[in-house]
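Everything below concerns the one structure shown next.
All values derive from a computational prediction rather than experimental measurement. Proteins come first, then strands; the chains are lettered A, B, ... in the order of their sequence lines, and each starts at number 1.
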There are 2 protein chains.
Amino acid sequence: MSEGTVGKAMSVLDLVASKGRPVRLVEVQDEAGYPKATLYRLLQSLVKEGLLTFSPERQTYALGLRLVRLAHSAWSQSSLGPVARPVIEALAAKVGETVHLAQLDQGQVLYVDKRNALRPIEMFSQAGKVGPAYCTGVGKAMLAFLGEAELEAALKRQAFYQHTRSTLMGTEALRAELAAIRAAGVAYDREEHEAGIICIAVPILTGSGRVIGGLSVTSSVQRHSLEALEVFREPLIEAAALIARDAEAWLFPA
Amino acid sequence: MSEGTVGKAMSVLDLVASKGRPVRLVEVQDEAGYPKATLYRLLQSLVKEGLLTFSPERQTYALGLRLVRLAHSAWSQSSLGPVARPVIEALAAKVGETVHLAQLDQGQVLYVDKRNALRPIEMFSQAGKVGPAYCTGVGKAMLAFLGEAELEAALKRQAFYQHTRSTLMGTEALRAELAAIRAAGVAYDREEHEAGIICIAVPILTGSGRVIGGLSVTSSVQRHSLEALEVFREPLIEAAALIARDAEAWLFPA
DNA sequence: ATAACGCGTTTCACTATGTGAGACAAGGGA
DNA sequence: TCCCTTGTCTCACATAGTGAAACGCGTTAT
């Protein structure tokens, strides 16, 4: 089945996004997989729509700010961000450490919102960024409560790149970990994604048990032992329940 | 000249975005201006690409989280946000008030970052908000230093909706104000956009005088008189110069 | 000074993708 | 039970897109 014109344009957009810097046509030509004239026209249509910008001086294409505008609407309309905001702020004030709100998107963790600690810790996550599910607290918390079909699909998308010495490698190890998380009701990041970074996380579930997000409190091994994170368990569970309740009211008003 | 398939799809996406809530096909059909089957297929292709999501229970379409993922890349790659962040954090800590970083996009103010030293929050989720240029400090600061052709184009896009009793109405009044801003080097929001909200703003200019952004310190009439904002002028100018320097190094590495 | 090369842009015969009227399906209301 | 609304599908037709090749421009090599 053909990919369609919109699909082709989006694959070119993704390619430019993946470069992380402005690119010239010739720099994406091989990877794009289209003849030069076709690629040229796809780039032109993306520029025309504001999804890419073109620098005549440098002959480069970069992602356009229209994406930022649209994303704000998407964040507002389609993420837990707006409805969770007050709960996260209260949680961050209460626990004094970094709080993350995430959703699972194509088997990966999309950081939807984040509150920094009173003493900020340098770490990978930023709101809007995407991270791995298999080696993050929020990722594992969400994976653990997926239905089997969704889980199978999500597991296929895990790269199992070894980020640290603690990273879980492979589906079997991960499945065992997810079973333990289901039993305990909480997940931990034991420096699996970034050395020195630990967290405790819970899923955000609807009344019928469907995963709609994940919430975590993150710290560093300098500040807390893993055991010490237990004090955050109850506040996290309460906050997740509040978000789930508010989300349900918001998604399905009476 | 036809709008192209990508253009049609984007106009449907914009329409869904403009509703601010999930919508059914029938709710956008009249405004979309396409026959039902055509609209249906455009919606399907947007869903397929993750730009929209579809809720089978409610038969509604909403913006997809793929936009949030792409937008973070766009923010990182194509806005001043990343390069300006340390400067804005330092400025916010120094002045103790809210700092906004903005860029002009299609004649409107696109808020790229926002800092408040007293409430350390991750602002990407607020990035992407769009505001009017004619009645905001950062908007007027940027408009004032545009070349004439760009200014003319931008002025055509101003709605001149009267937000408050102080809002400037009309091109002539605005041009006079912009001339005063060029002379003074700073712009003010004198409760023109929101009652009670005031700010002092400066443009961010390249070495050759091209506008690449705007920076402001915002307060309220309860906290400061307009005159009292003068203490922020020098820090703002210094911060804008730092951002311009760092942006130039980043956009045009030696 | 001239030729060759690299990269971006344009052309045009051809075709793949998209169009849209109308039919069909399903659910709800009268 | 019938009618209406909304969403989905079909298919003859049309348009927008395709891609090889040529063109244009600037740079580099001879």
Anything under 3.5 Å between a protein N or O and an N or O of nucleotides 23-30 of chain C, put it in a table, one pair a line.
none

Inset, instruction - Please figure out whether A:Val26 or A:Val6 has its closest DNA chain C nucleotide nearer the 5' end. - result: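 Here A:Val26 is the residue nearer the 5' end.
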
Please report, rounded to the nearest Å, how far the [atom2] atom of [N] is from the [atom1] atom of [X].
X       : N      : atom1 : atom2 : result
B:Glu3  : C:dG18 : CD    : P     : 14 Å
A:Gln44 : D:dA16 : CD    : P     : 18 Å
A:Arg58 : C:dC7  : CZ    : P     : 16 Å
A:Leu43 : D:dG17 : CG    : P     : 14 Å
A:Glu57 : D:dC25 : CD    : P     : 19 Å
A:Gln59 : D:dT27 : CD    : C1'   : 13 Å
B:Leu39 : C:dG18 : CG    : P     : 15 Å

Inset, instruction - Return no unless some side-chain N or O of A:Arg24 is found under 4.0 Å from OP1 or OP2 of C:dC7. - result: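 Indeed not, no polar side-chain atom of A:Arg24 lies that close.
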
Legend entry - Under-4.0 Å salt bridge between A:Arg245 and A:Glu238: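 No, A:Arg245 and A:Glu238 are not salt-bridged.
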
Legend entry - Salt bridge present between B:Arg85 and B:Asp246 (N-O < 4.0 angstrom):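 Judged by the 4.0 Å cut-off on N to carboxylate O distance, B:Arg85 and B:Asp246 do not form a salt bridge.
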
Legend entry - Shortest non-hydrogen contact between B:Leu146 and B:Val211, atoms and distance: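 Residues B:Leu146 and B:Val211, closest heavy atoms: N-CG2, 3.9 Å.
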
Inset, instruction - For B:Gln108, check side-chain hydrogen bond (donor to acceptor under 3.5 Å, both in side chains) against everything at least two apart and list the hits. - result: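 Once residues adjacent in sequence are excluded, the partners of B:Gln108 under the side-chain hydrogen bond (donor to acceptor under 3.5 Å, both in side chains) criterion are A:Arg69.
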
Legend entry - Out of D:dT8, D:dT6, C:dT9, whichever nucleotide has its closest atom nearest the side chain of A:Tyr40: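 The nucleotide sitting nearest to the side chain is C:dT9.
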
Inset, instruction - Look at the side chain of A:Arg182 and the backbone N and O of A:Ala144, then say whether any donor-acceptor pair between them is shorter than 3.5 Å. - result: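 A pair under 3.5 Å: yes.
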
Listed pairs, N/O of protein and of nucleotides 18-20 of chain D, under 3.5 Å:
| unit_1 | atom_1 | unit_2 | atom_2 | d |
| --- | --- | --- | --- | --- |
| D:dT18 | OP1 | A:Lys8 | NZ | 3.4 |
| D:dT18 | OP2 | A:Arg41 | NH2 | 3.0 |
| D:dG19 | OP2 | A:Thr38 | OG1 | 3.1 |

Inset, instruction - Among residues two or more places apart or on two chains, list those pairs meeting ring-ring contact (aromatic ring centres under 6.0 Å, His included) that have a residue in residues 22-69 of chain A. - result: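 As it turns out, the ring-ring contact (aromatic ring centres under 6.0 Å, His included) pairs with a partner in residues 22-69 of chain A, which skip direct neighbours, are A:Phe54-A:Tyr61.
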
Legend entry - ring-ring contact (aromatic ring centres under 6.0 Å, His included) pairs, two or more places apart, involving residues 129-153 of chain B: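 Those involving residues 129-153 of chain B are B:Tyr134-B:Phe160.
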
Legend entry - A:His163 and A:Tyr161 aromatic ring geometry - parallel, tilted or perpendicular at 30°/60° bounds: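 If you compare the ring of A:Tyr161 with that of A:His163, the planes turn out perpendicular.
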
Would you list the atom pairs, donor with acceptor, under 3.5 Å between side chains in residues 21-29 of chain B and any protein atom, with sequence neighbours excluded?
| unit_1 | atom_1 | unit_2 | atom_2 | d |
| --- | --- | --- | --- | --- |
| B:Arg21 | NH1 | B:Glu27 | OE2 | 3.2 |
| B:Arg21 | NH2 | B:Glu27 | OE2 | 3.3 |
| B:Glu27 | OE1 | B:Arg24 | N | 2.6 |

